[in-house]
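Here's the structure we're looking at; comments come further down.
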Amino acid sequence: MVGQKEMKIALCLSLINPEIGGVLLIGPRGTGKTTAVRSLIDLLPPVERSACFYGCLPEDIEAFGMDGVCPDCAKKFAEGKPLTIQDRVKLVELPLNAKLEDVIGGIDERAVVHDRLRLKRGVLAHADLNILYVDEVNLLADEIIDAILDASASGSYTVRRGPITATYRARFTLIGSMNPEEGNLRPQIMDRFGLRVIVKGLDEPQERLEAYHRTHLYRQNPRKMIALYQAESNMAAEEIAHAKSILPSVVLPEDVAKQGIQLIQKMQIDSLRAEITLFEASRAFAAADNRTIVTREDLRQVAPMALRLRRSRFMTEYFSGRKAEEQEIQKKIDEVLRINGVKEG
């Protein structure tokens, strides 16, 4: 990927620390947003995931007993066979025409063979421990994007279909992209994304030419192109894996945290998600630099991505109008109570 430094940093930080709350890429078409996202799966280590169609895991048995898994997995567990396998991280892309049932899941007719009615997993459940990419997120139906964001925030979700209930894990890294020419996001949805990156076209002619050369080479010989950058990709994967391993040890000093809060207040940002994203991104940035103490410079590096597009002109004007009203109310209260107080005396 030529240029686009901020986009690459934001995506890597989201891989290191899912608590950041995902990334929203905003920019015109043809600026490399989707290309960058699709390249991320080569930078992550394998994960332990369920080998079952229904997503059964050993912890389901610990929590609910044998009824917490399907009959096949219950039999495997009784025989001492593993219920999980090592698997590479996948990129799960949400189709623009997806329906709510496709996203959260619905009745599974295949379960009839087990003499029980079960719910099949939707896109969100399949995205567990993977990367969920939502392109053109601003064009999705509200109910679908709300379901995605709720699952992303809690790490799980519950589906109820009549008497049937199922809870699925949804621990994914959320990445969305949008072209503002095609419409805006609701403020509520915009607030739920952690880092926000404005992706513009490359300014330098030499960079644009280099991007063309790389695209041309990839189309002519994809394997040769991949081999040219394999060493760099391997190094990046090792650095991300190391950063993830030391992230739990990264500490945010009190004085640095107070400066972050001061910055947010000076920008008149109301949402508490601002400091969550700012501090978690700062911790990831420090871990990526192989440090366990967050510094002011870490705040400086991630603040633009964490804080942009969080202020609301409408709310600023609304609260300004309410302030004048509150002052008038307080004035009248003082006048009435003072007069009554004098009369009672």
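Salt bridge annotation for D298-R283: absent, with no cationic side-chain nitrogen under 4.0 angstrom from a carboxylate oxygen. For R300 and E297, the salt-bridge test passes: some basic side-chain N is under 4.0 Å from an acidic carboxylate O. For the pair E6 and R308, the salt-bridge criterion is met [side-chain N within less than 4.0 Å of a carboxylate O].
For the side chain to side chain contact (heavy atoms under 4.5 Å, CB included) criterion with L94, the lone passing option out of I144, L124, D102, D135 is I144. Each of N130, L15, L91 was evaluated against I41; a single residue qualifies, L91, per the side chain to side chain contact (heavy atoms under 4.5 Å, CB included) test.
Atom CD of E143 sits about 8.5 Å away from atom CD1 of I104, to the nearest 0.5 Å. Remark: I145 CD1 to I148 CD1 distance equals 4.5 Å, nearest 0.5 Å. Put simply, NZ on K224 and OH on Y218 are 15.0 Å apart, with the number rounded to the nearest 0.5 Å. Taking CG of L252 as the start and CD1 of I293 as the end, the distance is 9.5 Å to the nearest 0.5 Å. Distance check: R171 CZ to S152 OG gives 13.0 Å after rounding to the nearest 0.5 Å. Taking CE from M7 and CG from L195, the interatomic distance works out to 13.5 Å, rounded to the nearest 0.5 Å.
Hydrophobic clustering of Ile, Leu, Val, Met, Phe, Trp and Tyr side chains at less than 4.5 Å, counting indirect connections, unites L174 with L100. Side-chain heavy atoms closer than 4.5 Å link hydrophobic residues (I, L, V, M, F, W, Y) into clusters, and following such links, even through other members, never connects I276 to M190. Residues I20 and L263 share a single hydrophobic cluster, defined by chaining ILVMFWY side chains whose heavy atoms lie under 4.5 Å apart. Note on V199 and Y133: same hydrophobic cluster, where clusters join Ile, Leu, Val, Met, Phe, Trp and Tyr whose side-chain heavy atoms are under 4.5 Å apart, directly or indirectly. One hydrophobic cluster holds both M267 and L299 under the rule that ILVMFWY side chains link at heavy-atom gaps under 4.5 Å.
With hydrogens and angles ignored, the 3.5 Å screen pairs a side-chain donor or acceptor of S14 with a backbone N or O of L11. Checking side-chain atoms of T277 against main-chain N and O of R273 turns up a donor-acceptor pair under 3.5 Å. Here the side chain of R196 pairs no donor or acceptor atom with the backbone of M305 at under 3.5 angstrom. A side-chain donor-acceptor contact under 3.5 Å links S245 to the backbone of H242. R208 places a side-chain N or O within donor-acceptor distance of the main-chain N or O of L202, the cut-off being under 3.5 Å. In this structure a side-chain-to-backbone donor-acceptor pair under 3.5 Å is present from K8 to G3.
When only modelled atom types and interatomic distance are considered, D334 and Q330 share a side-chain donor-acceptor pair under 3.5 Å. Donor-acceptor pairing under 3.5 Å is recorded for the side chains of R214 and Y229. Remark: the E19 side chain and the N17 side chain contain no N/O donor-acceptor pair separated by less than 3.5 Å. Defined by atom type and a distance below 3.5 Å, a donor-acceptor pair is missing between the side-chain atoms of N234 and E238.
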For this session: For salt bridge (Lys or Arg N to Asp or Glu O under 4.0 Å), just list the numbers for D270 and R310, CA-CA rounded to whole Å, side-chain angles, deciding distance to a tenth of an Å, and then say yes or no.
Result: CA-CA 8 Å; D270 294 309; R310 287 195 183 274; over 6 Å; no
Applying side chain to side chain contact (heavy atoms under 4.5 Å, CB included) to K200 and Q4, what does each step give before you reach the verdict? CA-CA 8 Å; K200 300 179 181 178; Q4 306 295 1; 5.8 Å; no
Evaluate K33 against V37 for side chain to side chain contact (heavy atoms under 4.5 Å, CB included), listing each step before the verdict.
CA-CA 6 Å; K33 301 187 295 296; V37 174; 5.7 Å; no
>> Show, in sequence, the C-alpha distance, side-chain angles and deciding distance for L217 and Y212, and conclude whether the side chain to side chain contact (heavy atoms under 4.5 Å, CB included) test is met.
In response: CA-CA 9 Å; L217 177 58; Y212 162 73; over 6 Å; no
Assess whether side chain to side chain contact (heavy atoms under 4.5 Å, CB included) is satisfied between V123 and L132, documenting all intermediate values. CA-CA 9 Å; V123 172; L132 178 61; 4.0 Å; yes
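Taking all atoms of both residues into account, the shortest heavy-atom contact from C12 to I240 is SG-CD1, 4.2 Å. Across all their heavy atoms, I16 and A243 have their closest contact at CD1-CB, 3.7 Å.
Around atom CD of E182, more than 12 heavy atoms belonging to other residues, nucleotides or ligands sit under 6.0 Å away. For D203, the CG atom sits in a loose shell: 12 or fewer heavy atoms of surrounding residues, nucleotides or ligands are nearer than 6.0 Å. Crowding of E79 atom CD: a count of heavy atoms from other residues, nucleotides or ligands under 6.0 Å exceeding 12.
A search for side-chain hydrogen bond (donor to acceptor under 3.5 Å, both in side chains) contacts involving R88 returns D42, not counting sequence neighbours.
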